[in-house]
Asker: 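One structure follows; several queries about it will come next.
The residues of the chain are indexed from 1 along the displayed sequence. We count ligands from 1, going down the list as the structure has it; atoms in each ligand are counted the same way.
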Amino acid sequence: MHQPALNALVDVDPELAGLVEGEARRQHDKIRLIASENYVSTAVLEATGTVLTNKYSEGYAGRRYYEGQQFVDPIETLAVIRAKELFGVDHANVQPYSGSPANLAVYLAFLRPGDKVMGMALPMGGHLTHGWSVSATGKWFTSVRYAVTKETGRVDMDEVRDLARAERPKLIFCGGTAIPRTIDFPAFAEIAREVDAVLVADIAHIAGLIAGGAHPSPVGHAPVISTTTHKTLRGPRGAMLMSDAEHASALDKAVFPGLQGGPHNHTTAGIAVALREAATPEFSRYAHAVVANAKALAEALVDRGFDLVSGGTDNHLILMDLASKGIAGKPAAKALDRAGIELNYNTVPFDPRKPFDPSGLRLGTPAVTTRGLGVEQMPQLAAWIDQVVDAANTGQDAVIDRIAGEVAELMAGYPMPGWA
Ligand code: DSN
């Protein structure tokens, strides 16, 4: 059952309590390979489920618009200090509600409507808020997009430089949501300097890897860093903006009062706890294990004939192109979910199919590594993925049901924070 126990919730709203219990069991029984998800610790869960949710705190510590901040001020200050120490930055703002609002605050801080932003195109692995057309950032600003090279699946920094020289954007984003390779922060910084743009490193996916020393840091290269807190960083759903001292005030003003009202103090507390956990040697071992697992899984998938964008991975994330397997991403993802293996269908670079029915699958190892799975289990995961994709192609429902049972049996041996 869910931990902490949902006693009051069961009394007041048994229907809702049942749904939460169901979700907890689902998270326990499945192999969760969604690259942007994780399991927070019980301590983080406890911090987010507190009376802090009752409090309004518009403003910043020591400068609030509501009284009664005797405890919220030190809580937010703890989170800020821990973020600064963990990442080695001058400034941190822990109030953005999530990644998209955090990135919107960056636009508000540095651009005026119509100004030019350069980011990685969404189908190439970038994020909606890096100027993609359906996002406010693509509607209200002029956006230009860089791609990956078709042959390598990697960003060609010469092409990025050429585009930046031709377009002279004011803001450049590096990072994204489906990038399996190391981001070259020094090269992006050199280009941004040359065209006099502000470089923003969106490290949402890799923040935990950076904190744990398993991916190079953008600090010293990107003056502005945006991240969510709930992916590899293993905190509650939230976000942070970090920067050098020069940009601190512009970012703070953009978050509040520019874009948001009161911060979610229960989330701030959870972020503070997660940052403390991320500063431990145990977390560094975790971050390296995430990458080792992803590399082992990628290798096992390649051995089984899967095509991986860029041929493999340097981080927590794998992007597979299923075209050669004769199945699209969506039916494969749905069959895998029925088999207890949860991931998401995803566009691959130069995808001939539509975004809602694309060719690829995106997988990641942050959550299974938190559960304690190691490189020795990755060939088994690849075998199940292979068998389910084959079963989905040939309509063998019995195979999918058998694997669902085997998956639940495996995961029963690995404890999950939040479940007992
Ligand atoms: N939804 C996040 C992800 O899955 O990568 C990005 O916003």
Asker: When you measure from atom 5 (O) of ligand 1 to every protein heavy atom, which one gives the shortest distance, and what is it?
Answerer: His205 NE2, 2.7 Å
Asker: Is it true that Arg362 lies under 4.0 Å from ligand 1, counting heavy atoms only?
Answerer: yes
Asker: Which residue owns the protein heavy atom closest to atom 2 (C) of ligand 1, what's the atom, and how far is it?
Answerer: Lys231 CE, 3.9 Å
Asker: Checking side-chain polar atoms at under 3.5 Å, does Asp115 have a donor or acceptor matched by the opposite partner on Tyr107?
Answerer: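 No donor-acceptor contact under 3.5 Å links the two side chains.
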Asker: Which residue and non-hydrogen atom of the protein lie closest to atom 7 (O) of ligand 1, and at what distance in Å?
Answerer: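 Sorting protein heavy atoms by distance from atom 7 (O) of ligand 1 puts His127 NE2, 2.8 Å first.
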Asker: In plain terms, say whether Asp401 and Arg338 are close enough for a salt bridge, that is, a side-chain N and a carboxylate O under 4.0 Å apart.
Answerer: no
Asker: So, for His91 and His247, is the gap between ring centers shorter than 6.0 Å?
Answerer: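 His91 vs His247: aromatic centres not under 6.0 Å.
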Asker: What residue and heavy atom of the protein are closest to atom 6 (C) of ligand 1, and at what distance?
Answerer: Thr177 CG2, 3.4 Å
Asker: Closer than 4.0 angstrom, basic N to acidic O: yes or no for Arg402 and Glu406?
Answerer: yes
Asker: Would you kindly say whether Asn293 and Thr365 are connected by a side-chain donor-acceptor distance under 3.5 Å?
Answerer: no
Asker: What residue and heavy atom of the protein are closest to atom 1 (N) of ligand 1, and at what distance?
Answerer: Ser36 OG, 4.7 Å
